[in-house]
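What follows is a set of notes on a single structure, which appears directly below.
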Amino acid sequence: MELTEITSLVRDNIRSLAPYSTARDEYDGPLGTYLDANENPFDNGHNRYPDPHQRRLKAVLSRVKGVPVENIFVGNGSDEAIDLVYRIFCEPGRDNVVSVAPSYGMYKVAAAINNVGFREVMLGEGYSFDREAMLAASDGNTKLAFLCSPNNPTGNLLDPAQVERFIREFPGITVLDEAYIDFAAHPGFLPRLGEFPRLVVLQTLSKAWGMAGLRLGLAFASPEIITFMSRVKYPYNINGPTQETVASLLESGVETRTATITGEREKLLARLAQMPAVEEVFPSDANFVLIRTPHPKALYNELIASGVIVRDRSGVPGCAGCLRITVGTPAQNKKLIGLLENFGNKTTAI
């Protein structure tokens, strides 16, 4: 059998893998007397295994995202999808991946877990994406490339034109993490998914949709890639209550809350730029802002002492002196601004 472009990139053992067949794979007809899955027969609302294919949930996601069901993978957070692409495409001890830096730390952790080489290419001035440097860092064993846009922790949208060129030019699988795309003016690449057979778009319901506690991540790709992901995943990776709750919450929409957060972000950016304690404020297309301060540790500790928790990113390469601040409610942001203004009056004594 002639290999397709995607199949040729897949590990040999994954290509020939026979997935585990659940009881619900063998029978998915009308409800009856189920005596096939060794479940507890006494109904408590949770005694039956959940749908391993998340059919109802994917149907709702298809309507909300405008993507066919066959292009959707549902995971236990985006981290499951990240781990799966390593296991599908990367031969341990031989292959490698390339990623922008600084970026989301799980790309590197997943590489280490899977014994896959991890190559980092620093973002350029203003945290700009260097497409040519990413391509130059790749070789014949580079199977995956990770791009996060808007990027975490820098907050900026990577230049879409450069991202598109990279996707077309990189011969492996590009994983584009759009966890924060709902807060950006750009629509992202999901509406154009069909143009890029080697693209995997990651999104999440943890940020704009406010479902972090439910741990549901999304991957969108060609049906061929989704089929491999579905083969390799654990059979019942999304529990029943999560499937039902997410499907219901998706019906409520997200636009109003997202508009509130982006509005608060712009106010916060403007106020932070006037703070004596803040040396630099970086543009943001996400639900957080990155600032550089001459006193990152002292400022972080001062905020913690006042009950405001931010993320100290000053030890991350490329983020020296930086704190990452999530956009909160108007009341939370007001408290933060007051503390920063007060700290600005203290810095002369530090």
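For R311, the CZ atom counts as loosely surrounded, since its 6.0 Å shell holds 12 or fewer non-hydrogen atoms of other residues, nucleotides or ligands. More than 12 heavy-atom neighbours from other residues, nucleotides or ligands sit within 6.0 angstrom of CG on N13. For E132, the CD atom sits in a loose shell: 12 or fewer heavy atoms of surrounding residues, nucleotides or ligands are nearer than 6.0 Å.
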Before you tell me yes or no, could you show the steps for D51 and Q243 under side-chain hydrogen bond (donor to acceptor under 3.5 Å, both in side chains), namely the whole-Å CA-CA distance, both residues' side-chain angles and the distance that decides it to 0.1 Å? CA-CA 9 Å; D51 177 6; Q243 292 188 43; over 6 Å; no
Going through the distances and angles, do F196 and V201 end up as a side chain to side chain contact (heavy atoms under 4.5 Å, CB included)? CA-CA 10 Å; F196 309 104; V201 174; over 6 Å; no
Checking L250 against M211 for the side chain to side chain contact (heavy atoms under 4.5 Å, CB included) test, could you report, in this order, the C-alpha distance in whole Å, the side-chain angles of both residues, the deciding distance, and whether it holds? CA-CA 10 Å; L250 283 169; M211 302 187 208; 4.3 Å; yes
Quick one: do F189 and L199 satisfy side chain to side chain contact (heavy atoms under 4.5 Å, CB included)? Show the steps, please. CA-CA 9 Å; F189 281 79; L199 174 65; 4.3 Å; yes
Show your reasoning for whether side-chain hydrogen bond (donor to acceptor under 3.5 Å, both in side chains) applies to N237 and Q54. CA-CA 10 Å; N237 61 325; Q54 305 99 26; 3.0 Å; yes
When you look at K65 and L218, which way does the side chain to side chain contact (heavy atoms under 4.5 Å, CB included) test go after all the steps? CA-CA 11 Å; K65 295 291 185 177; L218 310 172; 4.1 Å; yes
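Closest of all the heavy-atom pairs between L216 and T242 is CD1-CG2, 3.8 Å. Contact record, S284 with A286: OG-N, 3.1 Å, taken as the closest heavy-atom pair. Across all non-hydrogen atoms, the minimal contact from D25 to P52 is OD1-CG, 4.5 Å. Minimum heavy-atom separation, I181 to Q203: CG2-NE2, 3.8 Å. Contact detail for Y127 and L158: the closest heavy-atom pair is O-CD2, 4.3 Å. Heavy-atom minimum distance, Y86 versus Y107: OH-O, 2.6 Å.
Remark: the backbone N or O of G253 is paired with a side-chain donor or acceptor of R257 at under 3.5 angstrom. Using a distance-only test at 3.5 Å, with no hydrogens or angles considered, no donor-acceptor pair links the side chain of T262 to the main chain of F183. With hydrogens and angles ignored, the 3.5 Å screen pairs a side-chain donor or acceptor of S62 with a backbone N or O of V67. R324 places no side-chain N or O within donor-acceptor distance of the main-chain N or O of P153, the cut-off being under 3.5 Å. With hydrogens and angles ignored, the 3.5 Å screen pairs a side-chain donor or acceptor of D285 with a backbone N or O of L157. Between the side chain of R11 and the main chain of R87, a donor-acceptor pair closer than 3.5 Å is present. Here the side chain of K297 pairs no donor or acceptor atom with the backbone of L299 at under 3.5 angstrom.
At a threshold of 4.0 Å, the pair E341-R271 counts as salt-bridged, since one of the basic side-chain nitrogens sits closer than that to a carboxylate oxygen. Between E120 and K108 there is a salt bridge, since at least one side-chain N of the basic residue sits less than 4.0 Å from a carboxylate O of the acidic one. A salt bridge links E5 with R198; the closest basic N to acidic carboxylate O contact falls under 4.0 Å. Of the charged side-chain nitrogens involved, none lies within less than 4.0 Å of a carboxylate oxygen, so that E244 and R56 do not count as a salt-bridged pair.
Each of N333, T329, N287 was scored for a side-chain hydrogen bond (donor to acceptor under 3.5 Å, both in side chains) with E264, with one residue passing: N333.
V121 and V163 fall within the same hydrophobic cluster, where Ile, Leu, Val, Met, Phe, Trp and Tyr residues are linked whenever their side-chain heavy atoms come under 4.5 Å apart, directly or through other members. Placement of L323 and V327 within a single hydrophobic cluster is found when ILVMFWY residues are connected by side-chain heavy-atom separations under 4.5 Å, directly or transitively. Using a 4.5 Å cut-off between side-chain heavy atoms of Ile, Leu, Val, Met, Phe, Trp and Tyr, with links allowed through other members, L336 and L290 fall into different hydrophobic clusters. Under the 4.5 Å side-chain heavy-atom criterion for grouping Ile, Leu, Val, Met, Phe, Trp and Tyr, V116 is connected to V10 within one hydrophobic cluster. By the rule that hydrophobic residues join a cluster once side-chain heavy atoms approach within less than 4.5 Å of another member, I173 and F118 end up as members of one cluster.
Under the 4.5 Å side-chain criterion, counting only non-hydrogen atoms from C-beta, V308 is not in contact with I325. Side-chain contact between F89 and V97 is absent, with no heavy-atom pair separated by less than 4.5 Å. Using a 4.5 Å heavy-atom threshold, the side chains of M134 and F129 count as touching. Contact of the N151 side chain with the S103 side chain is registered, since non-hydrogen atoms from C-beta on lie closer than 4.5 Å. In this structure the side chain of K58 reaches within 4.5 angstrom of the side chain of V74, judged on heavy atoms. The side-chain heavy atoms of N152 and R313, taken from C-beta on, include no pair separated by under 4.5 Å. Looking at L205 and L214, their side chains never come closer than 4.5 Å, going by heavy atoms from C-beta outward. Looking at D177 and S149, their side chains never come closer than 4.5 Å, going by heavy atoms from C-beta outward.
Taken from CE in M106 to CG in D79, the straight-line distance is 4.5 Å, to the nearest 0.5 Å. To the nearest 0.5 Å, the span separating CZ on F282 from CG on N156 amounts to 9.5 Å. Note that the CD atom of E80 and the CG atom of D83 stand 8.0 Å from one another [nearest 0.5 Å]. Separating the OG1 atom in T293 from the CG atom in D312 is a distance of 10.5 Å, to the nearest 0.5 Å. Of the inter-residue distances, the one linking L9 atom CG with R15 atom CZ reads 9.0 Å to the nearest 0.5 angstrom. In this structure, CD1 in I6 is found 4.0 Å from CD1 in I225, a value given to the nearest 0.5 Å.
No side-chain donor from either of N141 and E91 sits under 3.5 Å from a side-chain acceptor of the other. Defined by atom type and a distance below 3.5 Å, a donor-acceptor pair is present between the side-chain atoms of D139 and N96. At a cut-off of 3.5 Å, with distance as the only test, no side-chain donor of N47 or Y34 sits close to an acceptor on the other residue.
Residues passing the side-chain hydrogen bond (donor to acceptor under 3.5 Å, both in side chains) test with D36 are R24, sequence neighbours excluded.
Close placement of the F288 and Y180 rings is indicated, their centers lying within 6.0 Å of each other.
A cation-pi geometry, defined here as NZ or CZ lying under 6.0 Å from the six-membered ring centre and within 45° of its normal, does not hold between R131 and F166.
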